[in-house]
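Heads up: the structure comes next, in C-alpha cells.
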There are 2 protein chains.
Amino acid sequence: MIGAMMNKQRSRRTPPPQDCPLDVCLRLLAGAWTPKVLWYLCDEPRRFGDLRRDIGTITSKVLTTRLREMEELGVVAREVIPSSPPQVSYSLTQLGKELKPVLDAMTQVGEKLGRKIE
Amino acid sequence: MIGAMMNKQRSRRTPPPQDCPLDVCLRLLAGAWTPKVLWYLCDEPRRFGDLRRDIGTITSKVLTTRLREMEELGVVAREVIPSSPPQVSYSLTQLGKELKPVLDAMTQVGEKLGRKIE
DNA sequence: CGGTATCCCAATGGATACTG
DNA sequence: CAGTATCCATTGGGATACCG
C-alpha cells in the first residue's frame, strides 16, 4: 500500500519547481493565517489559546499546523511550561524577527494596491 | 479579478477575513508563478511569448491569468503593438517596480530559511 | 502570436468532535 | 489548556485543444 502510494505520479500538477529562496519564503508566508500569527507574536510571546483568541476565527487545527511549520523552519520557538493547567508559549526566534521588515514592506505596497481594489 | 475574488461568497465561515494591506499584497504574490513573472519583467519589458519561454513550464492559460490580475492591480502595463504577427508587450508600472524591494527582502530571508530545509 | 475554452484532480484548510 | 482526529467542500491551476 505504502509502496503504491509513494509512487508519485508526476504527470499532473507539475509544481512551481525551483526552490529559490524567494519561493521558500513565499511558501511560508502564503500559508493561511501565517502573517497574522507572526503579527501577534511580534511584540511578545503568546500562549496557544491567546493566539487563538487574538486571531479570532482560526481553528486550533490550523493554528497548530501553522505553528508547527514555523517551528520547523526555525521561525518560532515553542516552550512548554509545566504547570496545571499546562501552558505552551510561542515566541519569535531571531530568524523570525527578520520577517518583520518583510511584512512591513508588503504592507506598504499593499496599501497602494488596496486603493486599486474596492 | 482579485477584486471579484474579494466579493466572492465565503464557503463555510468567514475565513481570512480582513483585507488588511498585507493580505492584499500577499494574495498578489502568492499566485503561482507571479514572483517569476515579476522577476523577468524587472529589467525590461517583455512580450508574452518571451515571458512564457523565460519562465519555462508555465502554461499560457496561467500566464494570462497572472498578467491580467497584475494589470488590474496596476502592477503591469499591457501594450498591443499592431503588427503582423501581433505583438503584446508587458512592462512593470511604477507601482510594480515598488515590489522589487519586497521580493529582495523575501529572498534574503528565504536564503536563511532555506538552509533549514533540504 | 497571443491568447480562450474545457475538463479535472489533489492539496488546503474549514467544521466538528474528541482527548490527555 | 493545548492540542488530535475525521470528514469533506472549495479551488488553484495543470493538461489539452482550439481560435482570430
Side-chain angles (χ1 to χ4, degrees), chain A residues 4-17 23 26-37 45-71 76 78-91, chain B residues 1-2 4-17 23 26-37 45-71 76 78-91:
Chain A
M5 299 205 62
M6 299 295 287
N7 232 335
K8 285 183 87 170
Q9 291 168 334
R10 209 49 83 102
S11 59
R12 261 171 195 263
R13 301 205 83 67
T14 319
D23 289 335
L26 213 43
R27 270 204 305 277
L28 169 65
L29 293 180
W33 304 103
T34 305
K36 255 143 199 122
V37 175
R46 263 183 165 81
R47 296 175 52 189
F48 185 89
D50 293 333
L51 267 179
R52 197 139 90 88
R53 252 170 282 103
D54 288 338
I55 296 178
T57 59
I58 192 173
T59 65
S60 36
K61 175 192 158 189
V62 173
L63 181 53
T64 303
T65 308
R66 291 288 87 88
L67 287 169
R68 290 283 184 278
E69 72 188 29
M70 293 167 88
E71 198 189 345
V76 311
R78 177 176 184 269
E79 186 194 6
V80 180
I81 300 157
S83 68
S84 155
Q87 300 191 10
V88 181
S89 172
Y90 292 91
S91 58
Chain B
M1 187 164 191
I2 288 194
M5 224 156 74
M6 297 174 60
N7 294 334
K8 205 182 303 175
Q9 271 289 352
R10 256 79 193 234
S11 54
R12 299 179 162 204
R13 215 214 297 165
T14 358
D23 289 334
L26 211 44
R27 271 205 303 280
L28 170 65
L29 294 180
W33 304 104
T34 305
K36 254 142 199 122
V37 174
R46 264 184 167 78
R47 296 174 52 188
F48 186 89
D50 294 331
L51 267 178
R52 197 140 91 88
R53 251 170 282 103
D54 289 337
I55 295 177
T57 58
I58 193 173
T59 63
S60 36
K61 173 192 160 189
V62 173
L63 181 53
T64 302
T65 308
R66 292 288 86 86
L67 287 169
R68 289 286 184 277
E69 72 188 28
M70 292 166 88
E71 197 189 348
V76 312
R78 178 176 185 271
E79 185 194 6
V80 180
I81 300 158
S83 67
S84 157
Q87 300 191 11
V88 182
S89 172
Y90 291 91
S91 58

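Heavy atoms only: backbone and side chains are in, while hydrogens, waters and symmetry mates are out. We name chains A, B, ... by the order of the sequence lines, and we start the count at 1 in each one.
Remark: A/Arg66 is not in phosphate contact with D/dG3, judged by side-chain N or O atoms under 4.0 Å from OP1 or OP2. Contact check, A/Tyr90 against D/dG3: a side-chain N or O comes under 4.0 Å of OP1 or OP2. Contact annotation: A/Arg27 does not reach the phosphate of C/dA11 (side-chain N/O to OP1 or OP2, under 4.0 Å). At the phosphate of C/dG14, OP1 or OP2 sits under 4.0 Å from a side-chain N or O atom of A/Trp33.
By the side-chain contact (heavy atoms from CB on, under 4.5 Å) test, A/Pro45 is found to be paired with A/Ser89, A/Ser91, residues two or more places apart in sequence or in another chain being considered. Scored by the side chain to side chain donor-acceptor pair (under 3.5 Å) test, B/Arg52 finds no partners at all (sequence neighbours excluded).
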Exercise for review: Show the numbers, then the answer: is there a side chain to side chain contact (heavy atoms under 4.5 Å, CB included) between B/Trp33 and B/Leu67?
Suggested key: CA-CA 10 Å; B/Trp33 304 104; B/Leu67 287 169; over 6 Å; no
Check your understanding: What do the steps show when you test A/Lys36 against B/Asp23 for salt bridge (charged side-chain N to carboxylate O under 4.0 Å, His left out), and what is the final call?
Key -> CA-CA 9 Å; A/Lys36 255 143 199 122; B/Asp23 289 334; 2.8 Å; yes
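Taking atom CG on A/Leu63 and atom P on C/dG14, their separation rounds to 11 Å, with Å as the unit. Between the CZ atom of B/Arg46 and the P atom of C/dG3 there is a distance of 16 Å, given to the nearest Å. Counting to the nearest Å, the P atom of D/dG3 and the CD atom of A/Glu69 are 15 Å from each other. Residue B/Glu79 contributes atom CD, which lies 13 Å from atom P of C/dG3 at whole-angstrom precision. Rounded to whole angstrom, the span from the CD atom of A/Gln87 across to the C1' atom of D/dC1 amounts to 9 Å. Spacing between atom CG of A/Leu26 and atom P of C/dT12 amounts to 14 Å, rounded to whole angstrom units. Across the protein-nucleic acid pair, A/Arg52 atom CZ and C/dG13 atom C1' stand 15 Å apart, rounded to whole Å. Per the geometry, CD1 belonging to B/Ile58 stands 11 Å off C1' belonging to D/dG14, to the nearest Å.
Of all nucleotides listed (C/dG13, D/dT4, C/dT4), D/dT4 comes nearest to the side chain of A/Arg68. For A/Thr59, whose side chain is taken as the heavy atoms from C-beta onward, the closest listed nucleotide among C/dT16, C/dG3, D/dT4 is C/dT16.
Between A/Leu63 and A/Phe48, the closest side-chain pair of non-hydrogen atoms falls below 4.5 Å.
Counting non-hydrogen atoms under 4.0 angstrom, A/Arg47 reaches the backbone sugars and phosphates but no base.
Comparing A/Pro85 and A/Lys61 along DNA chain D, the residue whose closest nucleotide (by nearest heavy atom) sits nearer the 5' end is A/Pro85. Both A/Pro86 and A/Gly31 lie close to DNA chain C; mapped to their nearest nucleotides by heavy-atom distance, the more 5′-ward contact belongs to A/Gly31.
For B/Thr34 (side chain) and B/Ala30 (main-chain N/O), no donor-acceptor pair under 3.5 Å exists by modelled atom type.
Axis angle across the helix from C/dC1-D/dG20 to C/dG20-D/dC1, with five pairs used at each end and values rounded to 10°: 50°.
In terms of heavy atoms, A/Ser83 sits closest to A/Pro85 at OG-O, 2.9 Å.
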